[in-house]
A.B. asks: 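Have a look at this one before I ask anything.
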There are 2 protein chains.
Amino acid sequence: MLERVIKHRRLLERGEDLFRQGERFRYVYAIKSGSLKTYTAANQKTVQVTGFHLPGELLALDAVGAGAYLYSARALQTASVCEFPFDRLEELGALARGIQRQLLRIMGGQIQHELSMHMLHCKTDAPARVATFLVNLSMRLAERGLSRAQFRLSMSREDIGNYLGLAKETVIRVLAEFEHRRLISVSGKSLRIHDVYRLESLAGLHAAIT
Amino acid sequence: MLERVIKHRRLLERGEDLFRQGERFRYVYAIKSGSLKTYTAANQKTVQVTGFHLPGELLALDAVGAGAYLYSARALQTASVCEFPFDRLEELGALARGIQRQLLRIMGGQIQHELSMHMLHCKTDAPARVATFLVNLSMRLAERGLSRAQFRLSMSREDIGNYLGLAKETVIRVLAEFEHRRLISVSGKSLRIHDVYRLESLAGLHAAIT
DNA sequence: CGCGTACTTGATCATACTCAATGCACGTGG
DNA sequence: CCACGTGCATTGAGTATGATCAAGTACGCG
């Protein structure tokens with residue numbers, strides 16, 4: 001059904017921008033392989049990473065309202081995406097009410113996600129943030145049928161820090177601490193989760209057993 | 001047009017809940033007067049304020065996807081709201097495509113807002129957060145035709161702190177510091193902004209003139 | 001007017017930031 | 001093949017910012 005409106009596939013090299021903040025909103029993207037980060041430049045010198053996006057996820061739906069992309073998107077590694085011209089989607093939507101509904105549902109989900117990020121940043125200390133980040137990543141990968149226990153951190157420590165509102169050194173130290181406590185193993189970009197439950201506890205998802 | 005589906009008006013006392021997290025999603029609300037806070041209880045003991053909502057704004061649209069309210073909403077003062085039964089809205093939407101479009105636009109706007117909150121929490125220190133909070137509040141009031149320079153902080157210092165991820169003492173001290181620097185005047189719940197521009201600078205909205 | 005809730009203020013302490021130096025891996029060119 | 005450069009990761013030391021704890025005060029409301 002949605003396949004009807006696919007315009008074409010696009011390939012990205014590591015470091016290449018899929019779209020840039022402020023450009024006219026034309027396409028919604030579905031990520032086929034690889035991963036991307038989204039980021040904005042609020043003031044000249046500061047860059048803020050707003051999210052990481054994995055295969056199977058949709059990108060840029062939230063530009064609907066604004067008519068322009070709200071942030072830039074850059075490939076963290078070689079990636080392939082599908083472009084959906086949004087005006088076509090809308091035409092289709094006029095016919096198929098089910099799709100409109102689904103759009104609303106997806107957008108609701110995005111808001112929910114942003115809300116959970118908000119909660120993440122408010123209450124918690126560095127270990128809780130990193131733990132939440134890892135658990136979240138693990139869950140999203142599992143949703144796509146990939147391993148929830150072992151995966152690659154395709155983004156740099158600096159990006160993680162920027163995303164979580166922590167210095168990169170803090171990210172490193174927290175990861176080291178987690179490894180020392182045998183919650184995870186890290187080696188460069190590859191990561192293995194040994195104890196999801198305690199990680200979730202640290203993230204503040206359970207009652208509070210430190 | 002939307003007026004057609006208004007079911008009825010509802011009045012709330014200070015401290016009364018409009019709806020609770022987890023309840024089945026039935027109504028979208030438009031705030032007529034007063035103000036509300038939204039909050040969740042992630043784990044048993046911790047409450048997290050997720051937002052403040054002013055007259056003229058819509059509430060609970062993001063529950064569309066989930067089918068249940070994602071958070072609770074409580075009146076900060078005597079308030080009146082209008083209930084819109086959402087299933088009716090959807091019927092209407094099937095007929096009037098313009099409304100669907102508008103829904104999407106509004107939801108896009110919400111995502112944008114959440115995104116800006118994300119940015120707020122990541123980079124910045126306590127003064128920047130409080131400054132952003134004040135500027136944001138001021139703008140939202142101005143959008144509704146109210147004074148952007150002088151207004152009431154209908155929420156407690158503790159709520160502000162919880163929302164911004166700061167201790168209430170820090171909120172108080174930062175406000176005092178701002179007053180000392182003649183950026184604002186505070187007295188209890190009433191607040192006056194003297195120098196929006198410098199406040200915005202602190203918020204990191206300009207290049208960076210401290 | 002009295003009670004309670006919210007607000008304010010001060011002192012101490014911990015966490016995470018900053019700065020600086022070093023290590024490590026990759027790719028490039030001699 | 002090895003020397004070198006670049007970028008990212010790591011580690012350490014010192015510091016500052018904001019949290020916590022503990023009083024004390026003002027304000028709103030019955």
Side-chain angles (χ1 to χ4, degrees), chain A residues 13-15 37 45-49 74-78 120-133 152-180 184-191 202 204 208 210, chain B residues 13-16 37 45-49 52 74-78 120-133 152-180 184-191 202 204 208 210:
Chain A
E13 299 300 324
R14 171 191 158 84
K37 69 175 175 185
K45 44 192 67 180
T46 329
V47 173
Q48 177 59 58
V49 174
R74 177 168 299 178
L76 292 167
Q77 60 200 237
T78 306
L120 166 63
H121 286 120
C122 281
K123 293 303 300 183
T124 54
D125 49 5
R129 290 189 193 185
V130 176
T132 309
F133 174 73
R152 253 180 74 81
L153 295 171
S154 49
M155 66 295 290
S156 70
R157 305 286 194 268
E158 186 157 14
D159 278 346
I160 297 173
N162 186 300
Y163 180 60
L164 296 176
L166 299 170
K168 62 177 185 297
E169 294 94 332
T170 304
V171 174
I172 289 165
R173 284 187 247 266
V174 170
L175 286 175
E177 174 64 20
F178 284 176
E179 184 160 37
H180 180 249
I184 62 172
S185 307
V186 252
S187 170
K189 297 220 170 287
S190 77
L191 186 136
L202 279 173
T210 328
Chain B
E13 298 299 324
R14 170 191 159 85
E16 194 180 345
K37 70 175 175 185
K45 48 191 64 181
T46 328
V47 173
Q48 176 59 55
V49 175
F52 300 110
R74 177 167 299 176
L76 292 168
Q77 60 200 244
T78 306
L120 165 63
H121 286 118
C122 282
K123 295 302 300 180
T124 53
D125 50 4
R129 290 189 193 186
V130 175
T132 308
F133 174 72
R152 251 178 73 83
L153 294 171
S154 50
M155 66 295 290
S156 70
R157 304 287 194 266
E158 186 158 14
D159 278 346
I160 297 173
N162 187 301
Y163 179 60
L164 295 176
L166 300 170
K168 62 174 185 295
E169 293 93 334
T170 303
V171 174
I172 290 163
R173 283 187 248 265
V174 170
L175 287 176
E177 174 63 19
F178 284 176
E179 184 161 37
H180 179 251
I184 61 172
S185 306
V186 251
S187 172
K189 297 218 170 289
S190 76
L191 186 136
L202 279 173
T210 330

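A, B, ... follow the sequence lines: proteins, then strands. Residue 1 opens every chain.
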A.B. asks: Supply the atom-to-atom distance B:Arg157 CZ to B:Leu166 CG, rounded to the nearest 0.5 angstrom.
C.D. replies: 13.5 Å

A.B. asks: Please pick, from D:dT11, C:dT8, D:dT20, the nucleotide with the shortest atom-to-atom distance to any side-chain atom of A:Glu169.
C.D. replies: D:dT11

A.B. asks: Report the distance from atom CD of A:Glu158 to atom C1' of C:dT18, rounded to the nearest whole Å.
C.D. replies: 14 Å

A.B. asks: Please tell me which of the listed nucleotides, C:dC17, C:dC7, D:dC8, lies nearest to the side chain of B:Ser156?
C.D. replies: C:dC7

A.B. asks: By nearest atom, which of the nucleotides D:dA9, C:dA20, D:dG18 is closest to the A:Ile172 side chain?
C.D. replies: D:dA9

A.B. asks: Quick check: does any side chain N or O of B:Ser156 sit under 3.5 Å from a backbone N or O of B:Asp159, one acting as donor and the other as acceptor?
C.D. replies: yes

A.B. asks: Just how far, in rounded Å, is C1' of C:dG23 from CZ of A:Arg157?
C.D. replies: 14 Å

A.B. asks: How many whole angstroms separate atom CZ of B:Arg152 from atom P of C:dC7?
C.D. replies: 11 Å

A.B. asks: Measure CG/B:Asp125 against C1'/D:dT15 and give the value in whole Å, please.
C.D. replies: 16 Å

A.B. asks: Given atom NZ of A:Lys189 and atom C1' of D:dC8, what is their separation to the nearest angstrom?
C.D. replies: 8 Å

A.B. asks: As a test of reading the structure: which of D:dC21, C:dC17, C:dA16 is closest to the side chain of A:Pro127, going by heavy atoms?
C.D. replies: C:dA16

A.B. asks: Looking only at side-chain N and O atoms, does A:Lys168 come under 4.0 Å of OP1 or OP2 in C:dC17?
C.D. replies: no

A.B. asks: Which sits closer to the 5' end of DNA chain D, B:Arg14 or B:Thr170, going by the nucleotide each is nearest to?
C.D. replies: B:Thr170

A.B. asks: Short question: side chain of A:Asn162, backbone of A:Val47 - any donor-acceptor pair under 3.5 Å?
C.D. replies: yes

A.B. asks: Are more than 12 heavy atoms, taken from residues, nucleotides or ligands other than A:Gln77, located less than 6.0 Å from that residue's CD atom?
C.D. replies: yes

A.B. asks: Tell me what A:Gly161 touches on the nucleic acid: a base, only sugar-phosphate, or nothing, going by heavy atoms under 4.0 Å.
C.D. replies: nothing

A.B. asks: Could you state the atom-to-atom distance from CG of A:Leu76 to C1' of D:dG7 in whole Å?
C.D. replies: 16 Å

A.B. asks: Without decimals, in angstroms, what is the distance between B:Leu166 CG and C:dT8 C1'?
C.D. replies: 17 Å

A.B. asks: Assess whether one donor atom and one acceptor atom, taken from the side chain of A:Arg173 and the base of C:dT18, lie less than 3.5 Å apart.
C.D. replies: yes

A.B. asks: Could you tell me the separation between the CG atom of A:Leu191 and the CG atom of A:Leu175, rounded to the nearest 0.5 Å?
C.D. replies: 7.0 Å

A.B. asks: Nearest-Å distance, CG (A:Leu175) to P (D:dT11)?
C.D. replies: 11 Å

